[in-house]
Amino acid sequence: QQQLTGLWNTLFWAYPFVVIGAIIVAVGLYAIKRYKEAAGVAALPIIGVVLYYFALVQFHVGPR
């Protein structure tokens with residue numbers, strides 16, 4: 001529906017892999033008792049979604 005192309009489309013479809021990677025890293029950090037770092041890594045995908053949305057709204061040139 002958004003008709004994303006190029007980098008926008010790649011970033012959109014990369015999100016599940018980013019989430020899975022962040023979860024694996026966060027669990028690993030939690031296992032070695034690095035709690036603050038684990039929380040920070042776990043929050044990265046959420047922050048990424050917000051930044052992606054704002055960038056999409058501000059910079060994406062295409063049909064709306």
### Summary
Quick note, side-chain hydrogen bond (donor to acceptor under 3.5 Å, both in side chains) partners involving residues 37-47, not counting sequence neighbours, are Arg34-Glu37
### Remaining members of the apolar cluster that contains Tyr30, side-chain heavy atoms under 4.5 Å
Tyr35
### Task
Would you name the heavy atoms of Ala38 and Ala26 that are closest together and state the gap between them?
CB-O, 3.4 Å
## Note on the structure
So CG of Leu56 and OH of Tyr53: to nearest 0.5 Å the spacing works out to 8.5 Å
### Query
For Tyr15, what residues pass the side chain to side chain contact (heavy atoms under 4.5 Å, CB included) criterion, not counting sequence neighbours?
Val19, Pro45, Val49
### Task
Hydrophobic side-chain clustering at under 4.5 Å (ILVMFWY, transitive links): who's grouped with Leu51? Put none if nobody.
Ile47
### Partner set under side chain to side chain contact (heavy atoms under 4.5 Å, CB included) for Leu11, not counting sequence neighbours
Leu7, Tyr52
### Query
Does the side chain to side chain contact (heavy atoms under 4.5 Å, CB included) test come out yes or no for Thr10 and Leu4, once each step is laid out?
CA-CA 9 Å; Thr10 302; Leu4 300 174; over 6 Å; no
### Message
Applying salt bridge (charged side-chain N to carboxylate O under 4.0 Å, His left out) as the test, list every pair that has at least one member in residues 4-17; sequence neighbours left out.
### Response
none
#### Entry: ILVMFWY cluster, Phe12 and Phe17 together (side-chain gap under 4.5 Å)
no
### Message
Do Phe54 and Ile46 land in one hydrophobic cluster if side-chain heavy atoms of ILVMFWY residues count as linked below 4.5 Å?
### Response
no
